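Heads up: the structure comes next, in structure tokens.
Not measured: the values here are computed from a predicted model. Read the numbers this way: they start at 1 and go in the same order the structure lists the ligands and their atoms.
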Amino acid sequence: MATATQAGADGWTSRTAFILAAIGAAVGLGNVWRFPTLAGENGGGAFVVFYIGCVILIGLPLVLSEILIGRHGRSDAMHSVEKVASDSGVSRGWGLFGGTGILAAFLIMTFYSVVAGWVIYYIGVMGWDFVAAFFSGAPFAGALAAENPDQISSRMTDLFANWPLLLVLHAMFMVATIWIVARGVQSGIEKAATYLMPAFFVLLILITIYGAFTGNFAEAVAFMFNPDFSKLTASAMNQALGQALFSMSLASAALITYGAYVSRETKLAPTAVMIAAADTGVAIIAGLMIFPIVFAAGLDAAAGPTLVFQSLPIAFHTMPGGALVGFLFFILIFFAALTSSISLLEGVVSWCINKFGMARATAAWGVGGLMFVIGIGCALSLNVWSEFRLLPFIPNFADNNLMDTIDGFTGQVLLPVTALLTSIFVGWRADRQLVMAETGLSGGMFTLWRFLVAWLCPIAVGLILVFGLFPALLA
Ligand code: PFF
């Protein structure tokens, strides 16, 4: 049963708190790790332009849609959608897409925590290195000065081979997330966001300035903003859309759930714009932080998921002050990852609280524990289970290990499907007056927003979903 009071008892203390928490949910590994990886793999400019189009035309309207569902429903993702549906006089079966969102959050967290574990490892490596450099009287030395590039690069392969260590790191990150969520909205989630997000922004700006001065900024700008549309394949478009949804924490319960804790007075439309703008701004800045450093060291932008972890430490190796900056860089990613993982867990936990009447702490430890267990499979797919295939009969995933399968399935299937259903529901089925009142929009702005949600989102998301999954249809 949905409890309408869930949000009332422990909501955000202010609009700023909500904005910080929502930006914290949005800004994460998706911005600092996944976006540069995908932009690098898909040739830069055209991908970035298409991505920004997805953000403005699809992501932003959906951010507003999700927050309004949460604020009206005042419950977890599934119960909130059901409430909006019944207040609109349509089937509560629409709650289904709240459910697929919760499932997406659950699945994303299983691999998110493993990758965040890599971040903890690099904080340790770089931190130790910086302390050693500092005490040997060379605080501004390059990172890992005593190693050659091959040795630095093999740190990641060594880590991947060391499954017990991977599991310990995965457990550490999961416990940190659970601990914060178990404390509740105000004293856990809000507090974490109010400390971590400002620290994140300070570090981001500092490292970007550092990269601009010491790296190859011009080449990075050209790479990111000179589009070559021949590189924009159907699969690249599918990935860009999936990334826009992932990065803005859409279609995965988080924003509906956080919306439920927002007060009636908060104006939702400007808030949605702030969230979308901050998230996209950080992704672009992350690119401008990472690519100058990568290019200056002559490394490959298309290195894939190891770009940030394997390539950057090599780049920091030769840069002045690299030991310190490398250390700060991984702390930055850690902060971002933590405020996002909190929202992933919260989306599932709030559903368990409402559905099963569980105590918050029990739900947090129970759900987090289950995520940890499935995440073990993700960690092992880097080593002992690397040959295991979960979906060998689906061409897109036939070659993927468990971790890539979960990542690919959520990004390419679950998120777009949930986004599609969200837009059809808000655009066509939800009561117009209800929706208008929640958005606070009127006149032309409302018409524009509703057009994007009702027409553009379903058509664009539907097409990208189908052609991304079945590229042969385009041939
Ligand atoms: N938006 C987060 C990131 O970019 O890292 C990931 C994420 C968080 C996805 C929360 C979905 C979600 F519900």
Side-chain angles (χ1 to χ4, degrees), residues 20-39 51 54-55 59-60 62-63 66-67 69-70 76-78 80 97-116 118-119 173 177 180-181 189 192-193 196-197 200 204 239-260 275-287 305 308 332-351 367-368 371 406-407 409-412 414-416 418-419 422:
L20 279 179
I23 293 178
V27 172
L29 293 173
N31 306 62
V32 196
W33 166 66
R34 215 164 174 275
F35 176 77
T37 299
L38 291 176
Y51 174 83
C54 287
V55 166
L60 175 58
L62 284 176
V63 171
E66 293 204 2
I67 304 178
I69 291 175
D76 61 86
M78 194 160 178
S80 291
F97 77 78
T100 53
I102 294 170
L103 176 66
F106 183 90
L107 292 175
I108 291 173
M109 185 61 183
T110 62
F111 68 85
Y112 206 83
S113 171
V114 173
V115 178
W118 309 348
V119 179
F173 187 76
T177 306
I180 295 171
V181 170
I189 303 175
L196 297 179
M197 286 321 288
F200 171 87
L204 181 74
Q239 291 185 53
L241 171 69
Q243 171 62 14
L245 299 175
F246 180 91
S247 187
M248 298 167 94
S249 303
L250 283 164
S252 37
L255 288 185
I256 300 186
T257 311
Y258 276 17
I275 297 169
D279 185 67
T280 310
V282 171
I284 304 283
I285 295 176
V308 163
L332 164 104
I333 304 188
F334 178 77
F335 287 170
L338 192 59
T339 48
S340 295
S341 64
I342 294 170
S343 74
L344 286 163
L345 182 57
E346 175 67 13
V348 189
V349 162
S350 72
W351 177 73
V367 173
M371 290 165 160
I406 297 183
D407 182 359
F409 177 73
T410 45
Q412 290 169 43
L414 214 45
L415 298 187
T418 306
T422 311

Let me check something: any side-chain donor-acceptor pairs from residues 244-251 under 3.5 Å, sequence neighbours excluded? List them with distances.
{"residue": "Ser247", "atom": "OG", "partner": "Asp279", "partner atom": "OD1", "Å": "3.3"}
{"residue": "Ser247", "atom": "OG", "partner": "Asp279", "partner atom": "OD2", "Å": "2.7"}
{"residue": "Ser249", "atom": "OG", "partner": "Ala25", "partner atom": "O", "Å": "2.9"}

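- Proximity of a side-chain donor or acceptor of Ser252 to a complementary backbone N or O of Ile102 within less than 3.5 Å is not detected.
- In this structure Leu103 satisfies the side-chain contact (heavy atoms from CB on, under 4.5 Å) test together with Leu107, Leu414, sequence neighbours excluded.
- The ring pair (Phe, Tyr, Trp, His ring centres under 6.0 Å) search around Tyr112 returns none, not counting sequence neighbours.
- No side-chain heavy atom of Val367 sits under 4.5 Å from any side-chain heavy atom of Met109.
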Give every pair formed by an N or O atom of ligand 1 and a protein N or O atom closer than 3.5 Å, one pair per line with both atom names and the distance to 0.1 Å, or write none.
{"residue": "ligand 1", "atom": "1 (N)", "partner": "Ala25", "partner atom": "O", "Å": "3.2"}
{"residue": "ligand 1", "atom": "1 (N)", "partner": "Ala26", "partner atom": "O", "Å": "2.9"}
{"residue": "ligand 1", "atom": "1 (N)", "partner": "Phe246", "partner atom": "O", "Å": "2.8"}
{"residue": "ligand 1", "atom": "1 (N)", "partner": "Ser247", "partner atom": "O", "Å": "3.0"}
{"residue": "ligand 1", "atom": "1 (N)", "partner": "Ser249", "partner atom": "OG", "Å": "3.0"}
{"residue": "ligand 1", "atom": "4 (O)", "partner": "Ala26", "partner atom": "O", "Å": "3.0"}
{"residue": "ligand 1", "atom": "4 (O)", "partner": "Gly30", "partner atom": "N", "Å": "3.3"}
{"residue": "ligand 1", "atom": "4 (O)", "partner": "Asn31", "partner atom": "OD1", "Å": "3.3"}
{"residue": "ligand 1", "atom": "5 (O)", "partner": "Leu29", "partner atom": "N", "Å": "3.0"}
{"residue": "ligand 1", "atom": "5 (O)", "partner": "Gly30", "partner atom": "N", "Å": "2.7"}
{"residue": "ligand 1", "atom": "5 (O)", "partner": "Tyr112", "partner atom": "OH", "Å": "2.5"}

For the pair Thr280 and Tyr51, evaluate side chain to side chain contact (heavy atoms under 4.5 Å, CB included) and give the outcome as yes or no after the intermediate values. CA-CA 9 Å; Thr280 310; Tyr51 174 83; 4.3 Å; yes
